[in-house]
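Following: one structure in structure tokens, then a few remarks.
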Amino acid sequence: MKEVDIKKMGITFAFAFIIWFIPVPHGVSPEAWHLFAIFAATILGIILKAAPMGTMCMLAIGFTALTQVLAPGNPALSITKSLSGFGDKVIWLIGISFFIARGFIKTGLGNRIAFIFIKIFGKSSLGLAYGLGLADVCLAPAIPSNTARGGGIIYPIMKSMAISFGSLPEDPNTHRKIGAYLTLNSYYMNLIASSMFLTGTASNPMCQKFAADLGINITWMSWAAAGFVPGLVAFILVPLVLYKLYPPELKKTADAPKMATEKLKEMGAIKTNEWLMLLAFFILLSLWIFGGSLSIDATTTAFIGLTLLLLTSVLTWEDVKSEKGAWDTIVWFAVLVMMASSLNELGFIGWFSDLIKTQIGGLNWIIAFPVIILVYFYSHYIFASATAHVAAMYAAMLGVGVSLGIPGMLLAMMLGFVGSIYGVLTHYGHGPAPVYFGSGYVDLKSWWVKGFEIGVLLLVIYMAIGGLWMKIIGYY
């Protein structure tokens with residue numbers, strides 16, 4: 001039982017039983033309350049790391065079907081509804097996008113793009129930071145796993161560059177030479193890139209799904225249009241501000257372009273598979289942007305992209321089968337979406353929104369808007385998973401805000417952006433965080449302090465500039 005912490009699992013089950021047997025509040029159906037008990041316990045188990053996320057979600061499906069909370073007295077329908085998440089198109093959008101991301105890594109195209117930007121911008125430590133960040137932004141639309149993007153492509157290159165300039169992970173005296181600055185900046189840029197595109201990180205399509213449940217339609221293009229300006233401002237300002245708050249000792253990195261050039265020479269001319277990967281990328285991007293006018297939705301586009309890669313042998317079926325991260329994501333994503341959507345269908349989210357509205361009734365939406373965003377942002381300190389945080393709070397926060405009169409599209413998009421940028425707060429706050437923190441370049445205190453400072457900057461950028469931009473483009 002290496003994967004299961006018995007003590008923490010006991011706490012999780014006790015928590016579920018306590019909620020289950022609490023008298024059902026007025027206005028809530030017993031089925032909704034009991035599903036909430038399973039859902040809340042699942043989220044707690046994920047936070048406590050009582051077991052892997054997939055294990056917790058399998059337990060959730062088992063108990064949801066066994067207790068028949070979705071279809072009382074009908075066991076066959078109960079299991080069907082418990083598995084309904086696996087038929088949701090949003091689940092397959094994110095899963096297939098993981099497979100497509102494998103193509104960037106397998107062909108080496110992701111590395112080539114990163115080295116090209118380093119060659120262009122890498123003459124100084126600040127330029128190197130922008131070059132790595134720009135590579136992340138360019139890869140973000142088609143690589144929804146920001147862990148794969150940051151940990152699998154950008155991080156190895158960043159670490160190699162830092163070591164080549166004498167900033168060694170095992171030597172604390174050289175961390176601040178350049179490694180510490182590049183580590184934090186690359187992580188922050190990864191989160192900014194994640195916020196800019198619907199397919200930038202795994203939790204974004206979950207936000208899209210929950211918003212749709214409340215009647216708010218978000219497309220790939222509408223997300224990109226809203227996220228572009230605040231994302232661009234954050235992309236420009238964060239490296240500069242971090243350069244002042246946490247400056248590298250080495251300012252000039254004249255050898256970086258030379259090293260990138262050498263790496264590109266080692267890679268040789270662009271290979272056929274890279275050209276095919278690039279073609280698939282542009283087809284994907286074009287259909288995600290313009291597919292709506294052709295009645296081609298984002299999930300269909302993802303299937304088209306994967307099919308092209310399989311037919312051209314850029315990817316093999318063995319590659320698809322062995323992409324454990326994708327299948328893992330499909331499983332827990334489907335279960336969390338099923339439970340959260342069912343809570344909404346059973347009226348729990350509406351009841352909770354009305355309850356909160358009663359407590360803060362009369363609050364002007366202009367005041368309520370920043371309050372909700374701040375609560376959502378800083379509550380991330382208690383979450384070790386961005387996806388678990390989105391599953392637990394996004395729909396409820398959106399429902400409360402809309403009931404208070406906050407424009408739905410404004411709040412839905414802003415909560416979606418926050419679902420990426422709140423990762424700056426801790427060394428466990430988002431998928432790539434353990435990878436970058438594990439490098440050893442940044443001590444825990446510096447990570448949390450700089451994360452808090454950059455978090456304040458990002459909140460100001462997204463709420464002020466992002467909010468104004470969405471007003472200009474007519475989102476509210």
Side-chain angles (χ1 to χ4, degrees), residues 85 88-97 140-142 144 146 191-232 284-302 333-334 336-337 340-341 344-345 349 353 369 372-373 376-377 386-387 389-403 406-422 462-463 465-476:
D88 194 300
K89 66 178 183 179
V90 173
I91 306 302
W92 290 99
L93 166 63
I94 203 70
I96 292 171
S97 296
N146 60 345
L191 299 177
I192 292 167
S194 298
S195 75
M196 293 174 71
F197 306 100
L198 179 63
T199 46
T201 188
S203 59
N204 290 352
M206 185 180 283
C207 299
Q208 179 197 36
K209 167 65 176 173
F210 295 155
D213 290 341
L214 294 174
I216 302 167
N217 182 43
I218 297 174
T219 65
W220 193 95
M221 192 57 197
S222 65
W223 186 299
F228 177 76
V229 168
L232 179 62
L284 282 165
L285 205 56
S286 299
L287 288 177
W288 274 328
I289 294 171
F290 304 110
S293 60
L294 302 173
S295 298
I296 301 175
D297 72 10
T299 305
T300 303
T301 296
F333 206 92
L336 293 177
V337 165
S341 296
N344 184 58
E345 292 170 7
I349 299 299
S353 300
F369 174 62
I372 288 174
I373 295 300
Y376 189 59
F377 185 87
T387 306
H389 192 174
V390 169
M393 294 183 67
Y394 180 91
M397 288 289 173
L398 181 58
V400 169
V402 170
S403 70
I406 302 174
M409 194 63 153
L410 169 66
L411 184 58
M413 294 303 313
M414 199 61 66
L415 289 171
F417 299 152
V418 170
S420 292
I421 62 173
Y422 57 27
Y462 278 82
M463 290 176 67
I465 297 175
L468 177 61
W469 171 245
M470 281 189 272
K471 178 69 173 177
I472 292 172
I473 60 178
Y475 278 29
Y476 66 101

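Starting from 1, each residue takes its place in the sequence as its number.
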What residues, two or more places apart in sequence or in another chain, satisfy side chain to side chain donor-acceptor pair (under 3.5 Å) together with [X]?
X	value
Thr300	Asp297
Trp220	Thr199
Ser195	Tyr462

For [X], all residues meeting side-chain contact (heavy atoms from CB on, under 4.5 Å), sequence neighbours excluded:
X	result
Ala211	Ile216, Ile218, Tyr394, Leu398, Ala412
Ala396	Phe352
Ala140	Arg149, Ala193, Phe197
Thr301	Leu284, Leu287, Trp288, Ile296

Side-chain donor-acceptor distances from residues 468-476 under 3.5 Å, at least two apart:
| from | atom 1 | to | atom 2 | distance (Å) |
| --- | --- | --- | --- | --- |
| Trp469 | NE1 | Ala225 | O | 2.7 |
| Tyr475 | OH | Ser222 | O | 2.7 |
| Tyr476 | OH | Gly467 | O | 2.8 |

Gap separating the CZ atom of Phe290 from the CG atom of Leu285, nearest 0.5 angstrom: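 Answer rounded to 0.5 Å: 9.0 Å.
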
Distance check, rounded to the nearest 0.5 Å: Phe417 atom CZ versus Met196 atom CE?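 Output value for this atom pair is 9.5 Å.
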
Please list all pairs meeting salt bridge (charged side-chain N to carboxylate O under 4.0 Å, His left out) that have one or both residues in residues 202-225, counting only residues at least two apart or in different chains.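 As it turns out, the salt bridge (charged side-chain N to carboxylate O under 4.0 Å, His left out) pairs with a partner in residues 202-225, which skip direct neighbours, are Asp88-Lys209, Lys209-Asp213.
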
Please collect all salt bridge (charged side-chain N to carboxylate O under 4.0 Å, His left out) contacts where either partner lies in residues 218-231, sequence neighbours excluded, each pair once.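 Sorted pair list comes back empty.
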
Pick out which of Ile406, Ile373, Ile372 makes a side chain to side chain contact (heavy atoms under 4.5 Å, CB included) with Met414.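 When Ile406, Ile373, Ile372 are each tested with Met414, the side chain to side chain contact (heavy atoms under 4.5 Å, CB included) holds only for Ile373.
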
Apply ring pair (Phe, Tyr, Trp, His ring centres under 6.0 Å) to Phe377 and list each qualifying residue two or more places apart in sequence or on a separate chain.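 Ring pair (Phe, Tyr, Trp, His ring centres under 6.0 Å) check on Phe377 returns nothing, list empty.
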
For [X] and [Y], work out which heavy atoms get closest and say how close.
X	Y	answer
Gly408	Val402	CA-CG2, 4.0 Å
Ala226	Met413	CB-CE, 3.9 Å
Met397	Leu411	O-CD2, 3.8 Å
Ser420	Thr201	OG-CG2, 3.6 Å

Just wondering, do Cys207 and Leu415 contact through their side chains at under 4.5 Å, heavy atoms?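 No, too far: nothing below the 4.5 Å cut-off.
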
Under 3.5 Å: donor-acceptor pair, side chain of Asn204, backbone of Ser194: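 Side chain of Asn204 to backbone of Ser194, a donor-acceptor pair under 3.5 Å: yes, one is there.
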
